[in-house]
There are 2 protein chains.
Amino acid sequence: MAAANRNTIQRKLVMNVVQNSLHPTAEYVYKTIKTDYPDISLGTVYRNLSLLSNRGDILKIPLPGSADRFDRDISLHYHAVCSECGAIDDVHGLDLGDIDMDASQNTGYTISGHTLIFTGICPECQAKISEQSLMEE
Amino acid sequence: MAAANRNTIQRKLVMNVVQNSLHPTAEYVYKTIKTDYPDISLGTVYRNLSLLSNRGDILKIPLPGSADRFDRDISLHYHAVCSECGAIDDVHGLDLGDIDMDASQNTGYTISGHTLIFTGICPECQAKISEQSLMEE
DNA sequence: CTATTATTGATATGAATTATCAATATATGA
DNA sequence: TCATATATTGATAATTCATATCAATAATAG
Ligand SMILES: [Zn+2]
Ligand SMILES: [Zn+2]
Ligand SMILES: [Zn+2]
Ligand SMILES: [Zn+2]
């Protein structure tokens, strides 16, 4: 009885694209599916990405100021965003200890989690930039 | 000569409201100014908040999924957001060590900074919730 | 004072996401 | 197998937050 989720083809397609991509946006998932399945609606993609991330099958990476990314890797890790090209890469092996507990004691909040995003310049863009400054001399 | 910023009354008003508020949104700053100075434009508030935070006079707190907050406290500290009521409070005294350097070594990025937001339930909302569950018995 | 131009108010535009709703398709179970 | 209940869909409107545009205005240096 318990109002179960249904296994629609659209849901499977969304899941597949996320599983075969690195940190895609909803837009990317939509366009990718659309080549093989042109009838898919953007709203459906958003709805399924929400459902799948709420369910814990995928991870939602909210980025302030730009479109959310989604992640097939649901293990604990963080992300770095390139301010030049928008690339996003994993930051693994970062141990922050019990910052949630620390924050809880500090504020009186019941902390359920945290969002941590690093901002910087990716190796590729660093290379481009140092090329440019050589040119300008 | 050097194209200087001008000290407009609008800019001073925006600065004043931020200095006298706790983590206001652009909308809040706008409405507050509007009571005494009805001609102010929302665009002007956004423009000045950007200028002031770029200049380092105030701090911009980007929140994924909701409106940015601004902070008169420009010292290093973090924030906790209540998922129930939207309240935002300071998290002081959190030592994360050299996470930027760690992230840099991990990814090859040149890290310029990071955004860290805690999510949870504020003390007030915790109280409301435990009241409710008492009622429901 | 005068000239330069940074800034303003008004408004349009944009990006990302959610809401609405009738039509459709999936799962359950008779 | 078939009928039923309803979760989900596609299409589209609406929302939210923020930036872009541009002629008019006002702040500052000289
Ligand atoms: Zn880059
Ligand atoms: Zn990742
Ligand atoms: Zn609260
Ligand atoms: Zn603060």
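Lettering of chains follows the sequences in order, A, B, ..., and the numbering in each one begins at 1.
Qualifying side-chain contact (heavy atoms from CB on, under 4.5 Å) partners for A:Ser21, counting only residues two or more places apart in sequence or in other chains: A:Val17, A:Pro24, A:Tyr28.
Here the P atom of nucleotide C:dA16 and the CD1 atom of A:Ile61 are 16 Å apart, to the nearest Å. In this entry the distance linking CZ of A:Arg11 with C1' of D:dT9 reads 10 Å, nearest Å. If you measure from atom CZ of A:Arg69 to atom P of C:dA15, you get 16 Å, rounded to the nearest angstrom. Summarising the geometry, the separation between CG on B:Leu51 and C1' on D:dA20 is reported as 17 Å, rounded to the nearest angstrom. Residue B:Asn54 contributes atom CG, which lies 13 Å from atom C1' of D:dT19 at whole-angstrom precision. Taking atom OH of A:Tyr30 as the reference point, atom P of C:dT17 lies 15 Å away to the nearest angstrom. Distance A:Asp68 CG to C:dT18 C1': 12 Å, rounded to the nearest Å. Protein atom OH of A:Tyr37 is 11 Å distant from nucleotide atom C1' of D:dT8, rounded to whole Å.
In this structure, the side chains of A:Leu63 and B:Pro64 stay at 4.5 Å or more apart for every pair of heavy atoms. Counting only heavy atoms from C-beta outward, the side chains of A:Leu51 and A:Arg55 approach each other to under 4.5 Å. Looking at heavy atoms from C-beta onward, A:Cys122 lies in side-chain contact with B:Tyr109 at the 4.5 angstrom threshold. Side chains of B:Val18 and B:Leu52 form no contact here, defined as non-hydrogen atoms less than 4.5 Å apart.
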Set out, line by line, the N/O atom pairs under 3.5 Å between protein and nucleotides 22-25 of chain C.
none

What does the list of N/O pairs under 3.5 Å between the protein and nucleotides 11-15 of chain D look like, with a distance for each?
none

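Side chains of B:His79 and B:Asp90: a donor-acceptor N/O pair is present below 3.5 angstrom, by distance only.
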Test side chain to side chain contact (heavy atoms under 4.5 Å, CB included) on B:Ile88 and B:Ile117 and set out the steps.
CA-CA 10 Å; B:Ile88 172 168; B:Ile117 307 283; 5.9 Å; no
Report the C-alpha separation of B:Arg69 and B:Leu59 in whole Å, then their side-chain angles, then the decisive distance to 0.1 Å, and conclude whether the side chain to side chain contact (heavy atoms under 4.5 Å, CB included) test is met.
CA-CA 8 Å; B:Arg69 305 298 193 107; B:Leu59 192 71; over 6 Å; no
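Aromatic pair A:Tyr78/A:His114: centroids less than 6.0 angstrom apart.
Map B:Ala26 and B:Ile9 each onto its nearest nucleotide of DNA chain D; the residue landing nearer the 5' end is B:Ala26.
Closest contact between the side chain of A:Tyr46 and the listed nucleotides D:dG10, D:dC17, C:dT17 involves C:dT17. Taking every side-chain heavy atom of B:Asn7 into account, D:dT28 is the closest of D:dT9, D:dT19, D:dT28.
Between D:dT8 and A:Asn48, no contact under 4.0 Å exists linking OP1 or OP2 to a side-chain N or O. One finds no side-chain N or O of B:Gln10 lying less than 4.0 angstrom from the OP1 or OP2 phosphate oxygen of D:dA26.
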